[in-house]
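Labels below follow one simple rule: chain letters A, B, ... track the order of the sequence lines, proteins then strands, and each chain is numbered from 1.
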Amino acid sequence: MAAAVPDTHMAARLVDWYEQNRRELPWRQTRDPYAIWVSETMLQQTRVETVIPYYHAFLAAFPTVRALAAAAEDEVLKRWQGLGYYSRARNLHRAAKQVVERHHGVIPDDEASFGQLPGVGPYTCGAVLSIAFGKPIPAVDGNVLRVMTRYLSLSDPIEQPAVKARVASAVKAWLDAADPNRLTQGLMELGATVCVPKSPRCTACPLQPGCAGSAAGIAEELPVRLPRRARKQVDVLALWIAHHGYVAVEQRPREGLLAGMWQLPAVEVERGPKALSDADKTALLRDKLAVLQPAMAAAGDVDFACIAQAKHVFTHIDWHVEVYRPLGDSWPQLDLSRCVPVQALKDLAWPRVYDRLIAELAQPLAVFDTGVVK
DNA sequence: AATCCGGGGCC
DNA sequence: GGCCCAGGATT
């Protein structure tokens with residue numbers, strides 16, 4: 001099937017449009033592959049405006065791939081705090097170590113080597129190789145998928161590998177006909193500013209002359225996506241144990257949700273048909289306290305008061321968080337190995353919901369510090 | 001092919 | 001409340 005408009009023509013139109021309309025984003029001021037790699041990783045499923053401050057702070061803290069490789073994982077996570085998808089930070093850190101160990105600290109410019117690094121998938125590989133190294137490797141992200149399913153008028157769900165393959169192949173033809181750096185960024189810029197999800201500005205689009213979706217009048221209906229499942233409902237019962245200026249904390253497991261992040265000691269329970277009763281909650285909190293602070297639990301059956309609540313929505317989970325304070329005014333011992341001074345809370349990497357709760361609770365600390373106020 | 005993995009802005 | 005965002009890893 002021959003293209004209605006030659007690839008060289010459309011590629012040139014797109015690159016010209018990009019030169020005239022590009023936004024001056026921080027990562028467009030450099031060709032440093034490390035900086036571009038950092039930006040592409042942060043931009044995964046994350047908006048440009050959200051990324052900008054993180055990008056500057058991260059590069060200031062870790063200016064080179066060697067600096068990143070030499071950092072502690074906790075420092076890297078702390079710089080990523082609030083950005084979400086924390087595996088990106090852990091993988092980027094691991095990948096930096098591999099670049100130092102296996103590639104002498106030089107970021108590889110070939111698809112096989114770079115694409116093998118942890119956290120580098122097809123998109124990021126194509127983006128870094130085309131933008132930083134000028135190689136004709138397609139970078140198919142959400143923007144490109146939208147632009148090209150419209151341009152080619154593809155109505156099959158974009159989750160299907162065949163659709164992504166068809167799009168990648170079309171992009172490859174354009175890459176071979178133009179400067180890969182500007183073509184890749186032009187495609188994404190077009191998706192971000194003109195070929196937007198709702199009310200696309202087709203009259204301002206350089207690809208309009210060849211756009212099958214626009215010609216068929218179905219551009220706005222594309223791309224087609226599969227429906228999503230409902231989110232799981234999870235109750236989170238957290239403990240606020242503050243004593244003489246120390247607060248009990250715990251680190252989440254190295255894998256799974258919010259891997260490696262810090263939180264108030266908590267139990268997580270998936271919601272069944274019935275809501276948790278107060279007695280259920282007390283029992284769960286007592287069990288947690290027994291593991292966490294045996295000396296406190298051994299002093300007798302403890303009761304709890306709810307001092308804060310929050311709802312937090314993840315992509316696939318709704319968290320219903322309640323923070324409880326153990327009642328009582330004199331504890332025999334507090335295991336300080338599981339606590340940090342209040343002033344040190346800010347140095348740990350917290351998920352958003354806990355960061356907000358702590359800001360709320362640590363402020364009037366004296367009120368809840370069992371060692372200070374009766 | 002489906003699910004897991006954050007967080008925020010917009011409608 | 002649902003949708004989308006410069007996706008990747010795992011099963």
Side-chain angles (χ1 to χ4, degrees), chain A residues 22-23 25-28 36-55 77 80-92 94-95 115-132 138-147 156-164 168 171 181 183-193 195-199 220 222-232 234 252-261 263 310-319 349-356:
Chain A
R22 56 179 272 182
R23 294 168 293 174
L25 302 176
W27 41 91
R28 287 182 179 163
I36 290 169
W37 179 19
V38 168
S39 78
E40 292 301 344
T41 305
M42 288 185 167
L43 285 162
Q44 290 168 14
Q45 296 292 288
T46 310
R47 297 174 189 283
V48 165
E49 314 83 69
T50 304
V51 165
I52 289 175
Y54 283 90
Y55 172 81
L77 271 182
W80 213 272
Q81 173 181 313
L83 202 50
Y85 285 150
Y86 300 98
S87 295
R88 293 183 294 175
R90 301 147 109 354
N91 283 334
L92 185 61
R94 276 204 299 149
Q116 196 173 348
L117 295 169
V120 179
Y123 164 74
T124 305
C125 185
V128 172
L129 290 193
S130 63
I131 296 171
V140 179
D141 72 333
N143 286 311
V144 177
L145 229 28
R146 183 171 55 254
V147 171
D156 290 326
I158 54 175
E159 286 80 4
Q160 292 184 5
V163 173
K164 294 183 183 178
V171 171
N181 174 307
L183 188 104
T184 294
Q185 299 200 70
L187 222 33
M188 294 193 286
E189 189 75 349
L190 190 69
T193 62
C195 195
V196 290
K198 291 180 179 175
S199 305
E220 190 163 1
L222 300 174
V224 173
R225 289 177 195 272
L226 262 29
R228 330 190 160 186
R229 286 196 351 171
R231 286 188 297 273
K232 199 192 307 183
V234 174
R252 297 181 61 87
R254 313 304 288 182
E255 305 205 335
L257 184 67
L258 301 166
M261 304 289 282
Q263 64 181 15
K311 183 183 177 186
H312 189 73
V313 179
F314 298 100
T315 308
H316 59 300
I317 304 172
D318 282 349
W319 257 13
W350 300 91
R352 202 55 126 187
V353 62
Y354 280 105
D355 195 42
R356 295 206 169 109

Phosphate-side-chain proximity, [X] and [N], N/O vs OP1/OP2 below 4.0 Å:
X	N	answer
A:Gln45	C:dG7	yes
A:His316	B:dC4	no
A:Thr46	B:dG6	no
A:Arg225	C:dC5	yes
A:Arg88	B:dC5	no

Using the closest heavy atom to pick a nucleotide of DNA chain C for each, name whichever of A:Lys198 or A:Asp141 lands nearer the 5' end. A:Lys198
Can you tell me if A:Arg88 uses its side chain to pair, donor with acceptor, with the backbone of A:Gly119 under 3.5 Å? no
What nucleic acid atoms does [X] come within less than 4.0 Å of, heavy atoms only: base, sugar-phosphate, or nothing?
X	result
A:Thr184	nothing
A:Trp27	base
A:Gly82	sugar-phosphate
A:Arg356	sugar-phosphate

Whole Å only: how far is the [atom1] atom of [X] from the [atom2] atom of [N]?
X	N	atom1	atom2	result
A:Leu83	C:dG7	CG	P	12 Å
A:Glu220	C:dC3	CD	P	15 Å
A:Arg231	C:dG1	CZ	P	8 Å
A:Gln160	B:dA2	CD	C1'	13 Å

Is there a donor and acceptor pair closer than 3.5 Å between the side chain of [X] and the base of [N]?
X	N	result
A:Tyr85	B:dG6	yes
A:Arg47	C:dC4	yes
A:Thr50	B:dG8	no

Identify which nucleotide among [options] has an atom closest to any side-chain atom of [X], counting heavy atoms from C-beta outward.
X	options	answer
A:His312	C:dA6, B:dC5, B:dG7	B:dG7
A:Arg352	B:dG6, C:dA6, B:dG7	B:dG7
A:Pro351	C:dG7, B:dG7, B:dC4	B:dG7
A:Leu43	B:dT3, C:dA6, B:dG6	C:dA6
A:Thr124	B:dG8, C:dG8, C:dA6	C:dG8
A:Leu226	B:dA2, C:dG7, B:dG6	B:dA2

Closest non-hydrogen contact found for A:Ile131 with A:Asn181 is O-ND2, 2.8 Å
Nucleotide N/O of nucleotides 9-11 of chain C paired with protein N/O under 3.5 Å:
residue: C:dA9; atom: OP1; partner: A:Gly119; partner atom: N; Å: 2.6

A:His312 ring center near A:Phe314 ring center (under 6.0 Å): yes
